[in-house]
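Following: one structure in structure tokens, then a few remarks.
In the text below, chain A, chain B and the rest are named by the order of the sequence lines, each starting its count at 1.
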Amino acid sequence: MWGILRQKVGGATCLSPQGVGSHMLRLRPVTSALRNYSSAAKEMTVRDALNSALDEEMAADPNVFVMGEEVGEYQGAYKITKGLLDKYGPERVVDTPITEAGFAGIGVGSAYHGLRPVIEFMTFNFSMQAIDHIINSAAKSNYMSAGQINVPIVFRGPNGPAAGVGAQHSQCYAAWYGSVPGLKVLVPYSSEDARGLLKAAIRDPDPVVFLENELLYGESFPVSAEALDSSFCLPIGKAKIEREGKDITITAFSKMVGYALKAAEILKKEGISAEVINLRSIRPLDRATINVSVRKTNRLLTVEEGFPQHGVGAEICASVVEDSFGYLDAPVERIAGADVPTPYAANLERMAFPQIEDIVRAAKRACYRSGTMVATA
Amino acid sequence: MTLARRSSGFLKPLSTACSSSFLHRRPYSTDDTTTITVETSVPFTGHNCEPPSRSVDTNPKELMTFFTDMALMRRMEIAADSLYKSKLIRGFCHLYDGQEAVSIGMEAAITKKDCIITAYRDHCLFLGRGGTLLESFAELMGRTAGCSNGKGGSMHFYKKEACFYGGHGIVGAQVPLGCGLAFAQKYRKEGHVTFTMYGDGAANQGQLFEALNMAALWDLPAILVCENNHYGMGTAEWRAAKSPAYYKRGDYVPGLKVDGMDAFAVKQACKFAKEHVLKNGPIILEMDTYRYHGHSMSDPGSTYRTRDEISGVRQERDPIERIRKLILAHDLATEKELKDIEKQARKEVDEAIVKAKESPMPDEPELFTNVYRKGFGVESFGADRKELRTTLP
């Protein structure tokens with residue numbers, strides 16, 4: 001079921017303002033969000049960004065190999081590994097049986113002995129079958145062996161909800177993996193993020209959990225000439241200010257960055273200038289950037305698709321309360337997935353995940369502009 | 001146990017020279033040219049393969065080395081028992097005494113470029129790979145001189161330069177990891193093999209069959225070694241496995257059943273297995289062995305088996321006794337000399353423990369080292385993050 005590709009409608013994949021639907025709008029290049037890109041002429045989908053990153057890293061280092069279900073002959077369940085089998089052969093692009101615990105363990109073992117595997121989970125929901133290897137065999141090994149055994153492995157794949165895939169296929173794992181010392185957890189949003197962070201992850205000597213998003217694969221973003229260079233890498237652990245603002249800080253990652261940017265546009269019309277931070281990295285979390293921003297804006301809204309309890313937003317809130325309490329002018333607001341397993345019915349699914357209006361409403365609340373509050377004399 | 005003697009004809013009776021020092025050169029310690037042929041205790045049983053011959057070639061040096069090394073391993077484990085009871089070793093401590101022949105026999109058949117990975121009963125395997133007594137005792141007591149700087153503990157001994165990859169606490173996890181080591185060896189066309197070891201308890205783990213399937217599919221040079229000591233913690237094999245014929249559980253993967261208390265049977269089987277997997281993909285070796293201690297130091301080991309059974313195995317099948325009898329039968333050393341070797345082992349162990357006790361516990365900043373290989377200034381926190389905050393190197 002998950003091998004079916006999203007159909008492109010009229011050459012553009014669309015993201016409806018209503019949120020999840022069967023069509024997605026191409027993101028219009030919004031200058032305020034993109035003024036950081038230098039002489040942006042070329043556009044690239046996230047899918048192509050990931051594919052090119054894999055290709056370049058495999059070309060540069062013969063120890064890098066890809067392993068997972070359907071990565072080879074099928075060209076990748078989401079076509080991320082398209083063309084790699086033809087180019088590098090079956091020894092380096094390895095199709096596996098449907099046995100996550102087995103092949104994740106084999107991947108970690110091969111990393112112990114010096115290879116640099118990129119293990120694909122068809123979605124991170126299936127990583128739960130292999131989670132012991134990710135955490136106990138990979139994350140903790142360098143520590144337990146006092147530095148003898150490092151594990152230069154990347155676990156990548158789509159994370160979080162897609163559209164209509166139901167409860168067992170929609171969970172976001174950022175909070176779970178983000179809590180584990182010894183792991184690095186990355187969450188790209190744009191094509192530049194995807195390229196730069198995946199290349200950094202593959203080159204990194206530690207285990208990296210690389211959480212992509214299925215609905216972003218088909219989206220195009222401008223990419224700078226610098227980002228197209230084969231040596232391009234983004235630093236791990238540094239967030240990006242996607243949009244500068246002065247009234248409220250909105251943190252988001254992955255698909256929610258796009259939603260936060262749209263919300264910021266709407267808020268601007270109402271006189272609220274929102275600063276949108278694209279986290280890029282859940283672990284290490286760029287607390288410095290977040291706190292500097294909150295100290296400037298004095299208000300914080302965290303956005304994520306995952307379950308609310310013990311989520312990424314909870315950690316960011318705690319961090320800001322600890323480090324910048326005196327700067328907060330309002331309680332921290334959290335927008336997250338609903339506290340329910342994901343329903344299938346389209347209307348209920350829509351309620352189960354943050355929508356742009358949720359972000360707008362919470363931002364206004366933090367600015368004491370919610371309208372339902374009684375104005376104090 | 002029949003012994004075929006095919007010596008060069010004149011093994012001189014060893015001199016009764018006075019020195020009992022272990023370091024004094026005896027003829028046996030260097031004689032690796034005289035071939036002695038030994039028969040294994042029982043023939044091998046094969047599954048989907050032709051078992052190797054029962055006749056194993058050895059030499060005086062190897063026989064004496066087997067005895068010396070196993071005596072050292074035995075002594076180390078017994079000393080660890082005392083240390084645990086005096087609370088110098090904390091947490092988990094899983095002892096290997098009784099099973100020494102598996103480590104010794106295996107090492108005799110392979111090189112340090114072949115990989116070994118095992119579960120938590122790893123102290124003797126670490127020694128077999130070249131680890132020292134000091135590193136072992138210091139690690140058990142949580143001191144910096146330990147092989148993992150005191151940060152791993154009993155279940156997490158590693159020696160990467162000797163291709164010993166631990167030391168794993170999660171039952172069964174080491175099997176896919178071991179197949180991964182073999183994957184890397186094949187990927188790099190090394191021509192070496194991996195011995196991935198597990199117990200009769202782990203033999204029922206699903207991930208084992210997942211990994212075995214892939215190893216067979218991709219012809220990985222992986223040798224799965226089931227150290228069947230007949231008890232998975234407190235559960236006897238017949239209560240845990242519908243089919244306790246673990247060497248057959250690979251189905252399409254060939255297997256060999258081996259007397260794991262006979263170091264020469266183990267050596268022969270490992271030699272056979274190494275040649276096999278480099279051509280034909282994985283094989284399973286079931287080592288029929290026994291542990292004298294309980295599962296761990298918190299298990300007396302006598303609630304699920306009788307003391308008669310334990311002492312029976314010690315009488316009939318002890319691996320060190322087997323070698324002692326062989327040495328005496330071939331006149332390679334006297335009883336006194338063997339006793340002296342055991343005394344020397346005890347002395348070495350005692351000295352190592354003294355040194356290990358002198359080693360300090362890790363410095364407090366060590367709490368935060370090695371979280372990452374490359375931490376690039378990432379923040380980390382102690383229990384009270386306002387009190388203890390640091391950046392990782």
[X] [atom1] to [Y] [atom2] distance, which is reported to the nearest 0.5 Å:
| X | Y | atom1 | atom2 | value |
| --- | --- | --- | --- | --- |
| B:L177 | A:S110 | CG | OG | 10.0 Å |
| B:F376 | A:D204 | CZ | CG | 5.5 Å |
| B:F164 | A:I149 | CZ | CD1 | 9.5 Å |
| B:M214 | A:M67 | CE | CE | 7.0 Å |
| A:Q148 | B:S148 | CD | OG | 6.0 Å |

Is the count of non-hydrogen atoms from other residues, nucleotides or ligands lying under 6.0 Å from [X] atom [atom1] greater than 12?
| X | atom1 | answer |
| --- | --- | --- |
| B:L217 | CG | yes |
| A:K296 | NZ | yes |
| B:F92 | CZ | no |
| B:F209 | CZ | yes |
| B:E161 | CD | yes |
| B:Y252 | OH | yes |
| B:K355 | NZ | no |

**Request:** With a 4.5 Å heavy-atom cut-off (strictly below), which parts of residues 150-158 of chain B touch chain A? List them by number.
**Result:**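 Answer by number: B:K151, B:G152, B:H156, B:Y158.
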Measuring heavy-atom distances to chain A, does [X] have an atom under 4.5 Å in its side chain, in its backbone, in both, or in neither?
| X | value |
| --- | --- |
| B:E190 | side chain |
| B:K386 | side chain |
| B:I170 | side chain |
| B:Y372 | both |
| B:L208 | neither |

Contacting moiety of [X], where chain B heavy atoms sit under 4.5 Å:
| X | answer |
| --- | --- |
| A:I236 | both |
| A:N150 | both |
| A:P62 | backbone |
| A:V151 | neither |

**Asked** Counting heavy-atom pairs under 4.5 Å to chain B, which of A:P152, A:S137, A:G237 comes out on top?
**Response**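 Top option by heavy-atom pairs under 4.5 Å: A:S137.
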**Message:** Quick check for you: among A:P117, A:A288, A:G114, A:S141, which has the greatest number of heavy-atom pairs under 4.5 Å with chain B?
**Reply:**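 When all of A:P117, A:A288, A:G114, A:S141 are compared, A:G114 has the most.
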Minimum heavy-atom separation for [X] to [Y], with atom names?
| X | Y | answer |
| --- | --- | --- |
| A:P284 | B:V378 | CG-CG2, 3.2 Å |
| A:V64 | B:Y187 | O-OH, 3.4 Å |
| B:C163 | A:H113 | SG-CE1, 4.1 Å |
| B:N213 | A:P97 | ND2-CG, 3.5 Å |
| B:W218 | A:I106 | CZ3-CD1, 4.4 Å |

Give a yes or no on whether the backbone of [Y] and the side-chain of [X] come within a donor-acceptor separation of less than 3.5 Å.
| X | Y | value |
| --- | --- | --- |
| A:Y143 | B:L367 | yes |
| A:N142 | B:V371 | no |
| A:D206 | B:K374 | yes |

Top contributor to chain A contacts, counting heavy-atom pairs under 4.5 Å, from [options]:
| options | result |
| --- | --- |
| B:K186, B:Q174, B:H168 | B:H168 |
| B:K159, B:E366, B:E139 | B:K159 |
| B:R188, B:Q185, B:R373 | B:R373 |
| B:C179, B:A173, B:A211 | B:A173 |

**Request:** List the steps and the verdict of side-chain contact (heavy atoms from CB on, under 4.5 Å) for A:E91 and B:K189.
**Result:** CA-CA 11 Å; A:E91 282 173 13; B:K189 304 182 171 35; 3.5 Å; yes
**Asked** Taking the inter-plane angle between the rings of B:Y165 and A:Y112 on a 0 to 90° scale, is it parallel (under 30°), tilted (30 to 60°) or perpendicular (over 60°)?
**Response**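 Rings of B:Y165 and A:Y112: parallel, as their planes differ by under 30°.
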**B:R385 with A:D323: basic N within carboxylate O range, under 4.0 Å** =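 Judged by the 4.0 Å cut-off on N to carboxylate O distance, B:R385 and A:D323 do not form a salt bridge.
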**Request:** Answer yes when B:R389 and A:E322 have at least one side-chain N-carboxylate O distance shorter than 4.0 Å, and no when they do not.
**Result:**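 Salt bridge absent between B:R389 and A:E322.
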**Request:** For this output row, return yes or no: ring centroids of A:F65 and B:F183 closer than 6.0 angstrom.
**Result:**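 Yes; B:F183 has its ring centre under 6.0 Å from that of A:F65.
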**Message:** Can you confirm whether B:Q207 sits close enough to A:T99 that some side-chain heavy atom of one is under 4.5 Å from a side-chain heavy atom of the other?
**Reply:**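 B:Q207 vs A:T99: side chains apart.
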